[in-house]
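Below: the structure, in structure tokens.
Just so you know, these numbers use all the heavy atoms, side chains as well, and skip hydrogens, waters and symmetry mates. In this chain, residues are counted from 1 in sequence order. None of these values were measured; they are calculated from a predicted model.
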Amino acid sequence: MPTSFDRDAMLAALESEQNALTALLPRFSDAQWRDASRADGWTAQDIASHVADSIYGLARLTLGEMEPMLPTDPATGWMDASDYNEQRRQQNRTLPREKLASRMAAAFGTARRAIETVPDPEAAGPYGPQHTKAQWLQRIVDHVHEHRSELEELLG
């Protein structure tokens, strides 16, 4: 079966998302950072922290550097991270913006390394054959895009 994984295209998409997110986050005033929120109460700071955590975790899972620890949704085959995300949200609540920016840069670096070096993109992903490693890598890019769009909406 031919592969549809295009490292260069995925790297370009990741870089585009990183550049857009890096340009977007400083546009939040300190008040907006703490107070602008989705309907579920997640603030801009919560969402940005979640993006950094998820990029890093998904990339390390795909690289095999972390063992899967969260349950999966049987219908989708993707992790069910709701409880974990809420725990991390509470832990990251007081994270200074500078520290978050550093974590974000490191997370994008880990994702870049995963895209560049994953040996067999069509191999089974960290949770089994339902999703390939390439699909997990694409999930990183898509996840950043989804949350960046939410952050843009919070700014109006």
Side-chain donor or acceptor of T22 paired with backbone N/O of Q18 under 3.5 Å: yes
M79 and M69, any side-chain heavy atoms less than 4.5 Å apart: no
Set of ring pair (Phe, Tyr, Trp, His ring centres under 6.0 Å) partners for H50, sequence neighbours left out: W42, H143, H147
Pairs satisfying ring-ring contact (aromatic ring centres under 6.0 Å, His included), at least one member in residues 84-104, at least two apart: none
D120 and K133, any side-chain heavy atoms less than 4.5 Å apart: no
Main-chain N/O of P74 paired to T72 side chain as donor or acceptor, under 3.5 Å: no
Flag side-chain contact, heavy atom, 4.5 Å: W33 against L25: yes
Where at least one partner belongs to residues 55-70, residue pairs that pass salt bridge (charged side-chain N to carboxylate O under 4.0 Å, His left out), sequence neighbours excluded: R60-E65, E65-R113
Straight-line distance of L24 CG to N19 CG, nearest 0.5 Å: 12.5 Å
Contact list for residues 81-91, test salt bridge (charged side-chain N to carboxylate O under 4.0 Å, His left out), sequence neighbours left out: D46-R89, D53-R88, E86-R89
Partners meeting side chain to side chain donor-acceptor pair (under 3.5 Å) with S29 (sequence neighbours left out): Q32
Set of residues satisfying side chain to side chain donor-acceptor pair (under 3.5 Å) with respect to D142, sequence neighbours excluded: Q138
With sequence neighbours excluded, residues passing side chain to side chain donor-acceptor pair (under 3.5 Å) with S49: Q45
Test item: H131 side-chain N/O and R139 main-chain N/O as donor-acceptor pair under 3.5 Å: no
Under 3.5 Å: donor-acceptor pair, side chain of D6, backbone of A9: yes
Listed once per pair and sorted, the ring-ring contact (aromatic ring centres under 6.0 Å, His included) pairs that draw on residues 87-116, sequence neighbours left out: none
I47 vs L154 side-chain heavy atoms within contact, under 4.5 Å: yes
Side chains of V118 and L137 in contact at under 4.5 Å (non-hydrogen atoms): yes
Partners meeting salt bridge (Lys or Arg N to Asp or Glu O under 4.0 Å) with D40 (sequence neighbours left out): R38
Backbone N/O of E98 and side chain of S102: donor-acceptor pair under 3.5 Å: no
side-chain contact (heavy atoms from CB on, under 4.5 Å) evaluation trace for L21 with L151: CA-CA 9 Å; L21 190 59; L151 288 164; 3.8 Å; yes
Side chain proximity check, T117 to L63, heavy atoms < 4.5 angstrom: yes
Under the ring pair (Phe, Tyr, Trp, His ring centres under 6.0 Å) test, residues paired with Y127 that sit two or more places apart: W136
For S82, side chain to side chain donor-acceptor pair (under 3.5 Å) partners two or more places apart: D80
Close side-chain approach of P68 to L61, heavy-atom, < 4.5 Å: yes
Over 12 foreign heavy atoms within 6.0 Å of CZ, F28: yes
Listed once per pair and sorted, the salt bridge (charged side-chain N to carboxylate O under 4.0 Å, His left out) pairs that draw on residues 15-32, sequence neighbours left out: E17-R148, D30-R97
